[in-house]
Colleague: 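This is the structure I want to talk about, given as structure tokens.
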Amino acid sequence: MKSEICLIRHGITEGNKLGVYYGAVDIPLLDEGIEELTSLRDRGTYPQYENPEFYTSGMLRTEQTLETIYGQRPHRQIELLREYNFGEFEMRHHRDIKELDEYQAFVKDREGYVAPPGGECARDFVKRVAEGFNELKVSHYQHVLRIRNEEKMASSVAVIHGGVIAAIMDSCWPDEKDWFFKWTPDPGHGYILTLEDGGIQEYREF
């Protein structure tokens, strides 16, 4: 039985516009972000499933994105799928911290062991996201089992974050990109994963 998981990145925030490091700070969407999501929705960008299950990371920008696209829907929050925690670098631009030793150590690290002060390292982030995605898949498969005798496809929609989506996609297709952040979709966009026989078989972008 085929099923689908749709991963949507939240809309545009001040952090996106300023080009700063941010992940753990809980900032809202900009009006511009809501307008763009509304336009994408009205153009039929997002799948319209029959009785999907909805998820967010629990952060304000994902909550607002879900409501803008699909309206007020009952949903589950998976906090393990929150964005990268940049610690003391949150809401700071590269040009303002580039001389800091801690920053240089962080950006030059290629093994993923160096964390920003008060933040998390890449390896811990990837491990956390893997645990969160597994939680999502378990819940999704339970949904599949609940409707297995009905003539409709099971579907789940997760409104989460760019870095989180990139980590998920890289874990599923590790050899397709030379750096996992290249999987990062634009705000309001993402991927639809097709699952069958207990595994993820393919994806498509939107």
Side-chain angles (χ1 to χ4, degrees), residues 1-17 23 26-83 129 132-133 135-144 146-147 150-173 176-177 181-196 200-206:
M1 180 179 179
K2 286 188 176 181
S3 63
E4 291 186 348
I5 296 177
C6 178
L7 306 175
I8 303 175
R9 183 184 179 187
H10 63 77
I12 297 171
T13 67
E14 181 184 21
N16 299 131
K17 295 291 287 185
D26 200 13
I27 58 178
L29 298 179
L30 293 174
D31 289 343
E32 172 188 342
I34 294 174
E35 291 167 3
E36 182 178 22
L37 290 171
T38 301
S39 176
L40 289 169
R41 180 199 66 197
D42 293 346
R43 297 203 304 267
T45 300
Y46 305 107
Q48 297 299 312
Y49 297 117
E50 183 179 359
N51 297 320
E53 295 201 335
F54 292 97
Y55 302 83
T56 71
S57 71
M59 302 193 82
L60 179 58
R61 52 194 183 270
T62 64
E63 296 290 318
Q64 291 178 309
T65 298
L66 173 60
E67 184 171 348
T68 300
I69 297 173
Y70 290 105
Q72 292 185 346
R73 298 291 192 113
H75 61 280
R76 179 178 166 189
Q77 297 177 347
I78 302 179
E79 293 189 4
L80 287 169
L81 295 178
R82 293 190 171 199
E83 187 57 287
V129 170
F133 187 48
E135 185 176 331
L136 171 60
K137 287 188 293 182
V138 168
S139 184
H140 175 78
Y141 287 133
Q142 291 171 346
H143 180 43
V144 171
R146 283 195 298 271
I147 68 168
E150 301 178 27
E151 294 184 358
K152 59 184 178 181
M153 182 180 68
S155 56
S156 299
V157 176
V159 182
I160 44 180
H161 308 266
V164 173
I165 293 174
I168 290 171
M169 295 299 294
D170 191 66
S171 71
C172 296
W173 289 275
E176 192 162 327
K177 308 281 186 182
F181 275 118
K182 290 187 177 180
W183 284 105
T184 306
D186 292 333
H189 292 266
Y191 301 92
I192 296 173
L193 310 181
T194 300
L195 298 86
E196 189 172 13
I200 299 172
Q201 303 297 326
E202 59 186 11
Y203 72 89
R204 61 187 187 274
E205 300 180 49
F206 64 87

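We're numbering straight along the sequence, starting at 1.
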Colleague: Quick one: salt bridge (Lys or Arg N to Asp or Glu O under 4.0 Å) pairs with a partner in residues 36-61, sequence neighbours left out?
Modeller: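 The answer is Glu53-Arg146.
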
Colleague: Roughly how far apart are Phe54 CZ and Cys6 SG, rounded to 0.5 Å?
Modeller: 9.5 Å

Colleague: Suppose we screen for ring pair (Phe, Tyr, Trp, His ring centres under 6.0 Å). Which residues come up paired with Phe181, at least two apart in sequence or across chains?
Modeller: Trp179

Colleague: What pair of heavy atoms forms the shortest contact from Pro52 to Val157, and how long is it?
Modeller: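 Looks like CB-CG2, 4.4 Å.
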
Colleague: A side-chain contact here means heavy atoms from C-beta on lying under 4.5 Å apart; do Gln64 and Pro28 qualify?
Modeller: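 Yes - at least one pair of side-chain heavy atoms lies under 4.5 Å apart.
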
Colleague: Closer than 3.5 angstrom, by distance alone: can the side chain of Tyr191 be matched with the main-chain N or O of Trp183 as a donor-acceptor pair?
Modeller: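 It does hold such a pair.
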
Colleague: Flag the pair Ile8 / Phe206 as yes when at least one side-chain heavy-atom distance between them is below 4.5 Å, and no otherwise.
Modeller: yes

Colleague: Not counting sequence neighbours, which residues clear side-chain hydrogen bond (donor to acceptor under 3.5 Å, both in side chains) with His189? List them please.
Modeller: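 side-chain hydrogen bond (donor to acceptor under 3.5 Å, both in side chains) list for His189, sorted by chain: empty.
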
Colleague: So, does Thr38 use its side chain to make a donor-acceptor pair with the main chain of Ile34 at under 3.5 Å?
Modeller: yes

Colleague: List in chain and number order the residues that pass salt bridge (charged side-chain N to carboxylate O under 4.0 Å, His left out) with Arg76, two or more places apart in sequence or in another chain; answer none if no residue qualifies.
Modeller: Glu135

Colleague: Check this for me: Gln72, atom CD, are more than 12 non-hydrogen atoms of other residues, nucleotides or ligands nearer than 6.0 Å?
Modeller: no

Colleague: State which residues pass side-chain hydrogen bond (donor to acceptor under 3.5 Å, both in side chains) with Gln48; sequence neighbours excluded, sorted by chain then number.
Modeller: none

Colleague: Can you sort out the partners of Ser57 under side-chain contact (heavy atoms from CB on, under 4.5 Å), two or more places apart, ordered by chain and number?
Modeller: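 Result, side-chain contact (heavy atoms from CB on, under 4.5 Å) vs Ser57: Met59, Thr62, Arg82, Ile160, His161.
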
Colleague: With the side chain counted from C-beta on, respond yes when Ile12 and Leu29 share a heavy-atom pair under 4.5 Å apart, and no when they do not.
Modeller: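 No, too far: nothing below the 4.5 Å cut-off.
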
Colleague: Return the minimal non-hydrogen interatomic distance between Gly188 and Leu40, and the atom names on each side.
Modeller: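 Heavy-atom minimum between the residues: O-CD1, 3.9 Å.
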
Colleague: Between His10 and Asn16, is a side-chain contact (heavy atoms from CB on, under 4.5 Å) present by the stated rule, with each step listed?
Modeller: CA-CA 11 Å; His10 63 77; Asn16 299 131; 4.0 Å; yes

Colleague: Mind checking what makes salt bridge (charged side-chain N to carboxylate O under 4.0 Å, His left out) contact with Glu4, not counting sequence neighbours?
Modeller: Arg204

Colleague: Could you give all pairs that pass the salt bridge (Lys or Arg N to Asp or Glu O under 4.0 Å) test and reach residues 155-166, with sequence neighbours left out?
Modeller: none

Colleague: Working to the nearest 0.5 angstrom, can you tell me the gap between Gln201 CD and Thr194 OG1?
Modeller: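 One finds 8.5 Å between CD of Gln201 and OG1 of Thr194.
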
Colleague: What are the two closest heavy atoms between Ala154 and Met1, and how far apart are they?
Modeller: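 For Ala154 versus Met1, the nearest heavy atoms are N-CE, 4.1 Å.
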
Colleague: Taking atom NZ of Lys2 as the centre, does the number of heavy atoms from other residues, nucleotides or ligands within less than 6.0 Å exceed 12?
Modeller: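 12 or below, so no.
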
Colleague: Look up atom CD1 in Ile5 and atom OH in Tyr141, then write down how far apart they are to the nearest 0.5 Å.
Modeller: 6.5 Å

Colleague: Taking the side chain as every heavy atom from C-beta outward, state whether Val144 and Leu195 have any pair of such atoms under 4.5 Å apart.
Modeller: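 No - every pair of side-chain heavy atoms lies 4.5 Å or more apart.
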
Colleague: What I'd like to find out is whether the side chain of Tyr55 reaches to under 4.5 Å of the side chain of His75, using heavy atoms alone.
Modeller: no

Colleague: Between Leu81 and Val164, what is the shortest heavy-atom contact and its length?
Modeller: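 Taking every non-hydrogen atom into account, O-CG2, 3.4 Å.
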
Colleague: Of the non-hydrogen atoms in Ser156 and His140, which two are nearest, and what is the gap between them?
Modeller: OG-ND1, 2.7 Å

Colleague: State whether the side chain of Ser139 and the backbone N or O of Leu136 hold a donor-acceptor pair below 3.5 Å, judged by distance alone.
Modeller: no

Colleague: Just how far is it from atom CD1 of Ile200 to atom OG of Ser3, taken to the nearest 0.5 Å?
Modeller: 9.0 Å

Colleague: State which residues pass salt bridge (charged side-chain N to carboxylate O under 4.0 Å, His left out) with Lys182; sequence neighbours excluded, sorted by chain then number.
Modeller: Asp178

Colleague: Among residues at least two apart in sequence or on other chains, which ones pass salt bridge (charged side-chain N to carboxylate O under 4.0 Å, His left out) with Glu32?
Modeller: Lys17

Colleague: Once you round to the nearest 0.5 Å, how far does CD1 of Ile69 lie from OH of Tyr46?
Modeller: 4.0 Å

Colleague: Please list, chain by chain and in numerical order, all residues satisfying side-chain hydrogen bond (donor to acceptor under 3.5 Å, both in side chains) with Glu176, sequence neighbours excluded.
Modeller: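 In terms of side-chain hydrogen bond (donor to acceptor under 3.5 Å, both in side chains), with neighbours along the sequence ignored, Glu176 is linked to Tyr203.
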
Colleague: Measuring from atom OG1 of Thr184 to atom CE of Met169, what distance do you get when rounded to the nearest 0.5 angstrom?
Modeller: 11.0 Å

Colleague: Which pair of non-hydrogen atoms, one from Gly132 and one from Ile78, has the smallest distance, and what is that distance?
Modeller: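 Looking at all heavy atoms of both residues, the closest pair is O-CG2, 4.0 Å.
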
Colleague: Tell me every residue that passes side-chain hydrogen bond (donor to acceptor under 3.5 Å, both in side chains) with Thr65, counting only those two or more places apart in sequence or in another chain.
Modeller: none

